[in-house]
Number of protein chains: 2
Amino acid sequence: MLTIKEIAAMAKVSRSTVSRALNNSGYVSEEARKRIDQVIEETGYAPSEQAKSLRTKKTKVIGVILPTIQTETASKIVTGLDKELSQHGYQILLANTNLEKEKELEFLDLLKARQVDGIILIATNTEQALLQKINALKIPVVLIGQEAEDVASVTYNDYHASMEITAFLIEKGHQRIAFIGVDETDRAVGYLRKKGFFDEMAAHTLIVEENWVQRAVFDIDSGHQAMEKIITNSTEKPTAVFAVTDRLAVGAMSYLKQNGLRIPEDIAMISIGASEMSQYVDPALTTMDYQNELAGEKAAKQVLSLIADPSGKKNVVLDYRLIIRDSV
Amino acid sequence: MLTIKEIAAMAKVSRSTVSRALNNSGYVSEEARKRIDQVIEETGYAPSEQAKSLRTKKTKVIGVILPTIQTETASKIVTGLDKELSQHGYQILLANTNLEKEKELEFLDLLKARQVDGIILIATNTEQALLQKINALKIPVVLIGQEAEDVASVTYNDYHASMEITAFLIEKGHQRIAFIGVDETDRAVGYLRKKGFFDEMAAHTLIVEENWVQRAVFDIDSGHQAMEKIITNSTEKPTAVFAVTDRLAVGAMSYLKQNGLRIPEDIAMISIGASEMSQYVDPALTTMDYQNELAGEKAAKQVLSLIADPSGKKNVVLDYRLIIRDSV
DNA sequence: GCCATTTGTGGAATCGATACCATATTTATC
DNA sequence: GATAAATATGGTATCGATTCCACAAATGGC
C-alpha cells in the first residue's frame, strides 16, 4: 500500500508538508502543493483512515445497534441515519442483535473498542444494566424508540398515539375493543402502548375482557395466532382490534379473512407503523405513521451534536399522524 | 482511555507480555497471566482495534455497498451477510449509494482507505469502469446479483427463472403476456429477465405486442403507471402480466383493482421476489423465491474464503423456486 | 555438572498518519 | 537597512497496539 512517506518522496517534500497539504492546515507553498496534488492524482493515493484515527482519535464511524434489519421500521431508520450521517462524512458500522438483549451490552463494548465516534441504539428495553453501561462508556449514545434518564433519545409519543388510536375507535362507535401487544419489558411498544389503550378505555368507562388482550412477538404469524385466541376464547367477540404493529395487524387480518369475518364490517382493525404493506393489504389498513426515517435523521443530528458538545443531551419526541384507510 | 501500557504497569509486566497474553502467542507464565487477567477484569480494558489493525493490517470489517436498504431484498441479504460474518468476528460497514452509480466507485475507494478486509457489492450494473476499479483495488470483492468476468459473485439464475415463469404462464393457457421490466443496464434484473421472457415466448412462437412491454423503476408507483400504460395503450389486452419485481406487481395489481379488473380471472399476475408483502396482498401473489438471505450467506462465505486465499474466485449461482399462490 | 533446549520477559522497531517545534526564508514596517 | 511578522519546511515525538530479537532463567539429557 502507498503511504504518505512515499508520496512525500515522490513530491520531494517531507511527510509533514504532505500532511499539511492534505488537511489544509499550516502553510504550504503553491509549488509544493501542485507537485503533491499531481503525485496524488497519478498514484491514486488515499491516506489510511486507520493511522489517521489512531492519531486524531476520530474515526468518522457511528455504530448502530439494532434488533433486526428485517423490518421496515429498522430499514427506514437506518436510511434516515445514513442520509444525515453521510452528509457529514460519517459511515455506519452495523451491529445486529437478533433481538438478544445481552448482545446489546456486548456490542456497546465492541463498538467502544472500535472507537466509534458515537452510537445509535435502536432500543428494545431500558434495563438498568444497559443504562449503566451506556453512561460508563464515555461515548455519545442516542437511543431510538425508548426514553431513559440521562441518555439522549429520539422517541415516538407511544402513550399518546395509543390513546389517540383508541379514542378514534371509540369515536367510530366501537365499545368492545381487543388488543394485541408485545412483552412489556419493551417499555415503548409493550408497556406504553398498552397503557395508552387501557387508560383511554378507562376514561370512557369501557371494559376490556381479559381474553381480548393477547401478547404476541414481532412477526406476522404471531398476530395470526393472537387473533385466533381472541376469537376462540372470548365469550363476547370484540368489534375492533388494536394491534401494536402493522405486522401483527396483517397476521390478525389473515386469520379473520380465513374465517370468513369481514373487515371492517365484522371486526375493525387498526395498528401502528404505516408500513408499505399496510397500504396494499385488503382492506387497506388504518395505521399510525411514526415517520421512522425522520427519527433516524433526528437521531443522527443529535449524535453529531453530542460529538461536538457532549453536554447537550436531549429527549426529542416525534409527532405521529393517523392514516385513515379502510380497515376501520 | 486505558491502554496496554497502563495495563502492563498495573500488572507489573511489560507491554510485550500483556500483548502475548492477550493473543495467546509466545510464552507467558501462569502467574503473569493471572495478574494480567485480573487487571483486565477489574479495569474492563479492551485493546484498541485502531492500533491493532494498523499493525496487523486486518480490520475485521467488511464493507457492504448497496443501492438502498429500503427493500426486502437488500435487508434480507444484509441479514444473511451479518449472520455469517458475525460468526467469524467480522462487522459490516454500510455504504448506501441511493441508486447513484458513481457512488459505487466512490465507496470502493472510501472502503479501501478504511482498509476493510473485503467488500460485498450488491450490484446494479457491470460497467467497465466498475470492474476495472474492482480489480485495481487488491481487496477481495464479491458481487451479489450480477455476474462479471474476473470478479467473484453470487447470482441468481435470472435468465432461467424468467423462462420458467413465462413457461408457467403459457402452460396455464396464457398466450398474450405483458411484461413490466426495468432499465437494461441492470444486466440481471433488466436485461436477463427480459431476455428470458422473450426467448421463452419465441420458443412457443407467441408474439408480444409492443405496448405490452413497459419499463419501470424500482417502486410500487412505477408498477402502477406501467400497468396503466399497458391497459390504455394496447389494442388487445394481455391475459397475464409478468413483473420483474414484487413491488412492480403490487403496483400493477393496485391499478387493476382500481379499474375493476379481476385477478387472476381477467388478468393474471406473476413476479419475482417472494417478499413478505406478496403473501398478504389480495390475491396472494404467485412469485419466484430467490432466497436472498442465503445469497447473503454465500457471499459472506466467499468473501471470507477470498480473504484467506484471494485466488479462489468463484461464481456461485443460486437456485430459485416458484411459489404458486392465487394470482395466476 | 555441563551444554542444549525450553520457557519467560522486556526493549525497541514498526505500522501510517498528525502535530508540535525549531529553523530558514521571504515580506512588510518604519 | 534593521527588526518584526508572515510564510514555508522538515525533524521528531506520538497515538496503541504487535512482533522480532536478545537475553535470562529454568529444565532436561547424558
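Quick note on labels: first sequence line is chain A, next is B, and so on, each numbered from 1.
Distance, B/Gln115 CD to C/dG16 P: 8 Å, rounded to whole Å. In this structure, the CD atom of B/Glu31 is 10 Å from the P atom of C/dG8, given to the nearest Å. Separating the NZ atom of A/Lys112 from the P atom of D/dG16 is a distance of 12 Å, rounded to the nearest angstrom. One can place CD of A/Glu30 at 10 Å from P of D/dT9, the figure rounded to the nearest angstrom. If you measure from atom NZ of A/Lys34 to atom C1' of D/dA8, you get 17 Å, rounded to the nearest angstrom. In this entry the distance linking NZ of A/Lys58 with C1' of D/dC15 reads 14 Å, nearest Å. Separating the CZ atom of A/Arg114 from the C1' atom of D/dG16 is a distance of 16 Å, rounded to the nearest angstrom. For the pair B/Asn24 CG and D/dT19 P, the computed distance is 13 Å after rounding to whole Å.
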Can you check nucleotides 17-25 of chain C for protein contacts, nitrogen or oxygen pairs under 3.5 Å, and list what you find?
from, atom 1, to, atom 2, distance (Å)
C/dA17, OP1, A/Tyr45, OH, 3.0
C/dA17, OP1, A/Ser48, N, 2.6
C/dA17, OP2, A/Ile4, N, 2.2
C/dA17, O5', A/Tyr45, OH, 3.4
C/dA17, N6, A/Arg15, NH2, 3.3
C/dT18, OP1, A/Asn23, OD1, 3.4
C/dT18, OP1, A/Asn23, ND2, 2.9
C/dT18, OP2, A/Ser19, OG, 2.6
C/dT18, O2, A/Arg55, NH1, 2.1
C/dA19, N6, A/Ser16, OG, 3.3

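In the model, A/Thr17 has a side-chain atom that pairs as donor or acceptor with a side-chain atom of A/Ser14 under 3.5 Å. With hydrogens and angles left out, the side-chain atoms of B/Thr124 and B/Asp186 include no donor and acceptor closer than 3.5 Å.
Salt-bridge formation is not detected for the pair A/Arg187/A/Asp158: no Lys NZ or Arg NE/NH1/NH2 atom is positioned less than 4.0 Å from an Asp or Glu carboxylate oxygen.
Residue B/Tyr27 has no polar side-chain atom (N or O) positioned under 4.0 Å from OP1 or OP2 of C/dG8. Distances shown here put a side-chain N or O of B/Thr17 below 4.0 Å from the OP1 or OP2 atom of C/dG10.
Contact detail for B/Gln91 and A/Leu111: the closest heavy-atom pair is NE2-CD2, 4.0 Å. In terms of heavy-atom proximity, B/Lys52 sits nearest to B/Pro47 at NZ-CG, 4.1 Å.
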> Given the rule in the side chain to side chain donor-acceptor pair (under 3.5 Å) test, do B/Gln50 and A/Ser53 qualify, once you have shown the distances and angles that lead to the verdict?
Replying inline: CA-CA 7 Å; B/Gln50 298 302 305; A/Ser53 56; 2.5 Å; yes

